[in-house]
Structure formats: structure tokens, C-alpha cells
Amino acid sequence: TQQQVNYNGGSKWHSRVGGYLESERVVLANGDIVKSTVDNNANDPNVDMTGWVNTDLVLESVSEMLSIINPRHGMRICVKSYHGSLGVGGGFFVYDSLKSSLNDEGLVINGWVREVVNSTVSVFDFGAKASREYDSLNAFNSITLILARGYDALVPQGEFSASGLVDIKTVDGCKVDWVGMLYTDFGVRVGAASSFTIGAEIDGIRVSVQNGRNWNANTGVHLYNMSSCYVRTKDTVGFENGVILEGEGQAFQSNQIYLGRVRSSKYSLTLTSSGSGWCNENLIFGGSFNFGSDVPLSEKDNCVHLRTFNG
């Protein structure tokens with residue numbers, strides 16, 4: 001009908017029984033044209049832009065968003081992708097002029113505040129790329145910030161690369177869902193910044209050295225200072241120390257640790273403590289310890305699947 005044509009082309013917003021359908025456009029009092037992003041949208045976009053997006057401000061990337069000159073307070077835009085054309089890490093952002101000097105590269109970017117969906121933030125939202133040619137170290141280390149802000153963290157499907165240690169500080173009750181494979185010669189370290197973490201859930205860690213094996217006193221997964229936590233590793237490949245469980249001046253106790261494949265490590269699993277810490281009363285399940293052809297027979301004879309020391 002002609003009325004539907006007007007809706008799609010941008011008639012002035014008015015209260016409408018049943019609201020507006022997804023992709024229908026209306027004109028605001030200030031002349032802006034906005035589009036509904038949901039069906040049955042009854043919100044007045046002159047007052048509340050929830051469920052609406054400015055059709056002139058659907059941008060390709062975060063860098064394009066940051067190129068906006070003098071954005072107005074409360075301005076809301078849609079970004080298709082963190083990096084142009086990849087289709088991941090985008091979302092809706094609202095400009096807060098009081099936060100214009102803040103930039104954590106993901107949740108608040110020079111005043112642009114991300115709208116978080118389902119309380120979950122991905123490393124894509126901090127600029128990671130599923131590419132072994134791109135260094136996603138900063139994005140992975142941002143998991144600490146994600147957890148500190150009370151969100152769940154997600155490592156999506158894909159192959160990622162990091163040029164240094166991924167150091168994740170946990171908080172009580174936090175959750176990390178890890179799906180993709182991380183390639184780094186420096187491993188992943190997960191534990192409490194102070195005292196010990198209670199009730200965290202870290203599911204599915206997958207980490208490998210960049211190529212073959214790298215026995216340079218490095219560790220694939222180093223878990224420390226946790227209590228009553230659930231941790232599952234899926235793949236740990238090519239590190240001198242496959243998995244270390246440690247109490248560093250604090251407790252590592254009463255945890256459920258599910259081990260997947262630990263491959264081509266000199267020491268597959270190590271239980272240890274340092275300072276006045278302790279490591280005990282943990283339940284450890286599974287564990288497939290094996291070697292690839294990259295480990296010579298002469299070195300396999302010196303390998304240890306399980307070791308404990310320092311109490």
C-alpha cells in the first residue's frame with residue numbers, strides 16, 4: 001500500500017499499533033532517517049533509539065567510526081566489523097562525550113561505548129583476527145578487562161596468533177568459552193591477580209607453539225591460584241611444559257581439571273607450589289599424552305608425563 005511505501009521510504013514516526021517491522025524507516029523530528037532493527041518496534045526513536053539505527057550511520061569499521069568529526073553526545077551507530085570487510089567484532093556503539101578520553105580498544109573506544117549483547121564479549125570485539133599472519137596478543141590479553149567488567153569472554157572458532165604470553169587475570173565466578181586455536185611460543189597463563197579465584201569456569205583452552213615444538217622453558221597452559229574452579233584444556237601442543245598447576249603463595253585446590261590432548265611436551269603435567277602456596281585436593285580427569293614425529297626417540301626417553309615438586 002501507499003502507507004507501507006511511506007514507512008519504507010521514511011514517513012515521520014508516529015505511534016503505530018503493533019510497532020514497526022524490521023528494516024522499516026521513519027523520519028525523526030530533527031530530520032534524521034532511522035531504520036528499525038527488530039520487528040514490532042514500538043519505541044519512539046525521538047526519545048529512545050533502542051531497536052533503531054541511523055541509516056546514514058551504518059559504518060564499515062571501527063576506524064571509520066573514529067573518523068567522525070565532533071560526534072554528538074548520545075549518537076548511536078552500527079559498525080559492521082572491527083576491521084573492514086571481516087564481518088566480526090562490530091556492533092552498536094553510543095557516543096558518551098564524558099568518556100571521550102577513554103580507550104580500551106573494545107568496550108569504550110574514544111568515547112564510543114559498545115552495547116554488549118548477552119553479557120558476552122569476544123576477542124573479535126577487541127580487534128583480534130582469525131589469522132596466523134596477524135598478532136592478536138593485545139586482544140587476547142584484553143580478556144582480563146572483559147572479566148573484570150563482569151562479562152563472559154569468548155574465543156571464537158578460528159586460528160589466532162600471539163607474539164607474547166597471553167596473561168589472563170581471573171575473578172570469582174568468571175567464565176571464558178574458548179573454541180579457536182591460539183598459536184604462540186609463549187603459552188597462556190590463567191589465574192588470580194591477587195589471593196585466589198573461586199568458582200571460575202575456563203572451558204576449552206587450545207594452544208600450540210607456532211611450528212613443531214619449542215622446548216625453551218616455556219609452558220602451554222599455566223593455571224595458578226584457583227579454588228573450586230572448572231578448567232578444561234582441549235589441545236596443548238609442542239611446549240616444554242604442557243600444563244602446570246601451581247599455588248603461587250596461595251591455594252590451588254579443590255578444582256576440577258579436565259585435560260585433553262597434551263602433545264610433544266617434555267613435561268606433560270606438573271603439579272607444584274611456590275612461596276607459601278599449596279597445590280592439593282584437585283580432581284584431574286582425562287589427558288591424552290603423546291608425542292609427534294618432531295620429538296626424536298633419544299629425547300622421548302627423557303620425557304615425563306607427570307611430575308610434582310615443591311610440595
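Worth knowing before you read on, the calculation uses all heavy atoms, side chains too, and leaves out hydrogens, waters and symmetry mates.
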Self-check item: Results of side chain to side chain contact (heavy atoms under 4.5 Å, CB included) for T50 - residues two or more places apart only
Solution: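 Side chain to side chain contact (heavy atoms under 4.5 Å, CB included) check on T50 returns N43, D48.
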Quiz prompt | Qualifying residues under side chain to side chain contact (heavy atoms under 4.5 Å, CB included), relative to K99, sequence neighbours excluded | solution =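 For K99 the side chain to side chain contact (heavy atoms under 4.5 Å, CB included) partners, ignoring immediate neighbours, are D96, L102, V108, V113.
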Quiz item: If you group Ile, Leu, Val, Met, Phe, Trp and Tyr whenever their side-chain heavy atoms sit less than 4.5 Å apart, what else falls in with I198?
Solution: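 Answer for I198: F196.
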Quiz item: In the hydrophobic clustering (ILVMFWY, side-chain contacts below 4.5 Å, transitive), which residues join F186, or is it alone?
Solution: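 The other cluster members (ILVMFWY side chains, heavy atoms under 4.5 Å, direct or chained) are L165.
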Going by heavy atoms in the side chains, are [X] and [Y] under 4.5 Å from each other?
X    : Y    : answer
N255 : L245 : no
L269 : V262 : no
S288 : N290 : yes
L137 : V166 : yes
V155 : V179 : no

Quiz prompt | Pairs where residues 134-144 contributes a residue and the test side-chain hydrogen bond (donor to acceptor under 3.5 Å, both in side chains) is met, not counting sequence neighbours | solution =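 Sorted pair list: D135-S163.
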Quiz item: Got a sec, which pairs hit side-chain hydrogen bond (donor to acceptor under 3.5 Å, both in side chains) with one end in residues 172-183, sequence neighbours left out?
Solution: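 Sorted pair list comes back empty.
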Practice problem: Any pair with a residue in residues 198-220 that passes salt bridge (charged side-chain N to carboxylate O under 4.0 Å, His left out), sequence neighbours left out, goes on the list, sorted by first then second residue, please. | Solution: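 Qualifying pairs: D203-R232, R206-D235, R213-E299.
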Holding to salt bridge (charged side-chain N to carboxylate O under 4.0 Å, His left out), I want the full list of residues that pass it with [X], two or more places apart in sequence or in another chain.
X    : value
E248 : R189
E115 : R76
E159 : none

Self-check item: Any pair counted as ring pair (Phe, Tyr, Trp, His ring centres under 6.0 Å), so long as it reaches residues 225-250, sequence neighbours left out
Solution: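 Only Y230-Y258 qualify under ring pair (Phe, Tyr, Trp, His ring centres under 6.0 Å).
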Quiz item: Between the main-chain N or O of N46 and the side-chain N or O of D44, is there a donor-acceptor pair closer than 3.5 Å?
Solution: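 Between the backbone of N46 and the side chain of D44 there is a qualifying donor-acceptor contact (under 3.5 Å).
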Exercise. For N41 and G51, indicate whether the former's side chain and the latter's backbone hold a donor-acceptor pair under 3.5 Å.
Key: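 Yes: the side chain of N41 pairs with the backbone of G51.
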Quiz prompt | Residues V79, I77; criterion side chain to side chain contact (heavy atoms under 4.5 Å, CB included); working and verdict | solution = CA-CA 7 Å; V79 175; I77 65 171; 4.1 Å; yes
Quiz item: Minimum heavy-atom separation for Y95 to S100, with atom names?
Solution: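 Nearest pair, atom of Y95 first, then S100: OH-CB, 3.4 Å.
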Quiz prompt | Exercise: identify the closest heavy-atom pair between K266 and W215 | solution =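 It is N-CZ2, 3.3 Å.
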Quiz item: How many angstroms lie between CE in M65 and CZ in F93, if you round to the nearest 0.5 Å?
Solution: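 If I round to the nearest 0.5 Å, the distance is 4.5 Å.
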Self-check item: Atom pair CD/OG1 of E24 and T37 - distance to nearest 0.5 Å
Solution: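 One gets 12.5 Å once the value is rounded to the nearest 0.5 Å.
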Quiz prompt | Identified side chain to side chain contact (heavy atoms under 4.5 Å, CB included) counterpart of I244 within the set T219, L271, V221 | solution =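 The residue from T219, L271, V221 that satisfies side chain to side chain contact (heavy atoms under 4.5 Å, CB included) with I244 turns out to be T219.
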Self-check item: Working for side chain to side chain contact (heavy atoms under 4.5 Å, CB included), residues M181 and K234
Solution: CA-CA 10 Å; M181 175 66 86; K234 290 188 67 176; over 6 Å; no
Practice problem: Identify the residue among F126, F124, F160 that makes a ring pair (Phe, Tyr, Trp, His ring centres under 6.0 Å) with F140. | Solution: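 Option passing the ring pair (Phe, Tyr, Trp, His ring centres under 6.0 Å) with F140: F160.
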If you look only at distance, which donor and acceptor atoms sit under 3.5 Å apart when one is on a side chain in residues 82-92 and the other is two or more places apart or in another chain?
from : atom 1 : to   : atom 2 : distance (Å)
Y82  : OH     : E105 : O      : 2.8
H83  : NE2    : G127 : O      : 2.8

Exercise. State plainly whether one hydrophobic cluster holds both V171 and Y224, where clusters connect Ile, Leu, Val, Met, Phe, Trp and Tyr through side-chain heavy atoms under 4.5 angstrom apart.
Key: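 In one cluster with V171: Y224, no.
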